[in-house]
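Read through the structure below, which is laid out as structure tokens, and then see the notes.
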Amino acid sequence: MTFVSCPDRDRILQAGGHVIVTGGPGCGKTTVALRKALLRIGSGLLPGQKVLFLSFSRAAVARIMQAARKDLPNESRRHLDIQTFHSFCWQFVRGHGYLLGAASPIRLLPPHDERAMRNGAKDDDPVWDAERERLFFEEGRLAFDLFAPKALALLQGSAAHRKLIADRYPLVIVDEAQDTGTEQWACMEALSGLTQLVCLADLDQQIYDFRRDVSPERLQQIMAALTPLEVDLGVQNNRSPGTEIVRFGNDILARTPRGSAYTGVSQLSFRSDAGTRDRAIRAAVGMLWKKITDSTGAPPESIGYLTNWGKGVTIIARALQGGDGVKEIPHRVVMDEAEVLLATRVIALCLEPVEDVWSSLATGLDRIAELYRARGKTNKVAQLGRNAADARAGRVRGNAKCPRSLKAILERLQANPLSGNPGQDWLTVRRQFEASGTTELQWVARLVIYLMGFNRGRRISDALAETWQRQGRYEGARALIEAAITEDQIVGSDGDLTGINVMTMHKSKGKEFDGVIILHLGNSMSPLSPDNEPAPHLKSRRLLRVGITRAKHHVLMLTDAYSPSPLLAGHNLLPVHG
């Protein structure tokens with residue numbers, strides 16, 4: 001393990017009480033925390049004890065796991081439990097939630113199911129809040145946002161539970177502490193009298209304060225509750241040494257452009273018409289590849305292609321897909337999965353043996369209705385419900401195209417057996433939806449196009465292949481896929497970032513890439529033109545800094561030439577040319 005000591009790090013390692021470690025991206029907060037975990041493990045643990053490392057996102061957990069594999073011996077890693085808050089709270093509530101009066105067994109209410117059940121309701125809708133509580137107590141179904149509140153209720157109501165967890169984890173490290181929700185932090189505070197807490201934080205990376213349970217006052221609350229040793233590692237940069245990437249991000253945040261180029265940062269401008277824009281999106285990959293290869297002597301293993309809104313992700317992905325004689329640039333899309341996973345159920349239904357076309361048709365129409373319910377499209381939901389009722393009666397009525405098109409697909413699948421190759425069969429079904437000429441089915445096809453790009457894709461393929469080998473068909477495909485998705489939502493990770501990864505900057509939080517491309521496209525369309533936020537655009541600056549500092553070797557700013565950004569005003573970046 002390579003660890004460079006200094007007086008500040010020594011204070012952290014030697015502390016016997018609570019500690020809060022602050023500092024900018026790449027300053028070594030995770031490294032010193034892992035070192036402290038190693039020392040605590042080395043000092044001796046009782047049978048069954050571990051050091052707990054918690055973070056709020058799967059991406060951050062994946063990064064910590066990667067660092068642990070690199071920095072900790074195998075024997076020590078056995079005594080390190082790295083989890084998200086969601087995973088930690090879920091395990092606790094699943095085992096003991098009956099004590100709160102919940103129906104048993106307690107089951108997960110997946111986010112995509114919750115989205116459909118909301119029927120368009122917002123997060124702060126009191127009617128939906130009451131319904132979530134009813135689902136928990138009467139049906140034992142637990143929504144993600146209730147994991148922490150219910151865990152907190154158990155901890156606050158039982159000294160025995162507090163002692164059991166503290167005895168299990170004599171040291172708890174809380175990563176990204178500034179982004180902990182109200183109940184998440186309260187869970188840690190409830191344990192603070194019985195175990196040692198080490199909190200890692202950077203207030204300038206707090207980009208989730210739009211959530212109602214995340215407060216800009218969180219660090220002050222932590223300090224008041226713990227009276228910890230406070231150590232600031234400052235702006236030390238171990239993520240991108242030899243570059244000025246962090247300096248550029250800090251200057252963006254502080255509104256202090258220096259007016260000259262930064263090592264490791266460049267800019268490509270483009271005209272905003274669709275053809276020129278798409279060519280620039282594709283060309284930027286090669287330019288970044290060359291920059292990194294020239295500066296490091298090796299090509300990049302991972303690239304983050306970042307923007308700040310869903311449409312921007314779609315624009316980037318479509319440009320990289322190519323078509324019409326333009327070769328695809330392979331990539332992976334990380335996006336809001338709720339609608340994707342709802343659409344997946346429709347494709348999964350079509351993979352299953354079609355024994356009764358009318359029954360499968362009715363179920364498929366119900367699943368498509370869930371998609372529209374997730375968007376609050378009540379009229380469309382009602383129409384699809386009527387179509388499903390007709391299908392159950394063995395008929396198709398009216399002028400709606402969707403029931404007829406889906407019925408035709410099911411009849412073709414019934415007459416033409418699938419191959420047993422999960423990837424190929426998935427593609428076969430999706431292409432039939434795509435070629436249907438029907439708005440609803442084409443939407444399903446567009447949504448599921450990237451499912452196998454998620455890390456769970458391999459898990460889904462393996463499960464489908466196994467059932468085919470046993471039964472010669474995809475019996476229970478929906479249940480298999482649902483199980484893989486549910487497991488991944490709780491304990492999965494975004495650890496495999498090789499290749500090109502397209503996502504929003506919020507999704508990039510906690511990740512690292514060899515290089516990053518950040519797309520700015522038009523006023524009010526990206527974080528580089530925050531028309532809806534008054535100057536000095538602090539939230540947008542904080543978010544842009546997070547995106548910039550994901551890079552280890554180079555950042556390429558891909559910007560609309562005819563829509564200058566106030567965030568980049570005064571910066572004179574090194575231009576690259578296509």
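What you are looking at is a predicted structure, and each value in this text was computed from that prediction instead of being measured.
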message: How about CZ on Arg258, more than 12 heavy atoms from neighbouring residues, nucleotides or ligands closer than 6.0 Å, or not?
response: yes
message: When you compare the side chain of Arg318 with that of Thr314, does any pair of heavy atoms fall below 4.5 Å?
response: yes
field: Distance-only polar pair, side chains of Arg218 and Ser215, donor-acceptor under 3.5 Å
entry: no
query: Taking it one step at a time, do Arg550 and Asp514 satisfy salt bridge (Lys or Arg N to Asp or Glu O under 4.0 Å)?
result: CA-CA 8 Å; Arg550 300 308 91 201; Asp514 290 331; over 6 Å; no
task: Determine whether the side chains of Thr256 and Asp251 contain a donor N or O and an acceptor N or O closer than 3.5 Å.
output: yes
His331 side-chain N/O to Ile329 backbone N/O, donor-acceptor pair under 3.5 Å: yes
- prompt: Under the 3.5 angstrom rule, does the side chain of Arg282 hit a backbone N or O of Lys327 as a donor-acceptor pair?
  reply: yes
field: Separation between OG of Ser508 and CD1 of Ile518, rounded to the nearest 0.5 Å
entry: 8.0 Å
Presence of salt bridge, Glu434 and Arg446, under 4.0 angstrom: no
- prompt: Any donor-acceptor pair under 3.5 Å linking the side chain of Arg11 with the backbone of Pro7?
  reply: no
- request: Could you please spell out the steps behind the side chain to side chain donor-acceptor pair (under 3.5 Å) verdict for Thr559 and Gln267?
  value: CA-CA 7 Å; Thr559 59; Gln267 182 176 19; 3.0 Å; yes
- request: Sort and list the pairs that fulfil ring pair (Phe, Tyr, Trp, His ring centres under 6.0 Å) and have at least one residue in residues 239-259, not counting sequence neighbours.
  value: Phe248-Tyr262, Phe248-His571
task: Under the side-chain contact (heavy atoms from CB on, under 4.5 Å) rule, collect the residues that match up with Glu176, sequence neighbours excluded.
output: Ser55, Phe56, Arg63, Gln178, Asp179, Lys509
message: I'd like to know whether the aromatic ring centres of Phe88 and Phe85 sit less than 6.0 Å apart in this structure.
response: no
task: Could you tell me whether the side chain of His553 and the main chain of Gly515 form a donor-acceptor pair under 3.5 Å?
output: no
- prompt: Below 4.5 Å, heavy atoms only, C-beta onward: do Met287 and Leu268 meet side chain to side chain?
  reply: yes
- prompt: Counting only N and O atoms by type, is there a donor-acceptor contact under 3.5 Å from the side chain of Thr180 to the main-chain atoms of Ala177?
  reply: yes
Distance, nearest 0.5 Å, that separates OG of Ser76 from CG of Asn74: 9.0 Å
Pairs flagged by side-chain hydrogen bond (donor to acceptor under 3.5 Å, both in side chains) wherever residues 291-302 is involved - sequence neighbours left out: Lys290-Asp294
message: If only side-chain N and O atoms count, and only distance matters, is there a donor-acceptor pair under 3.5 Å linking Tyr169 with Asp81?
response: yes
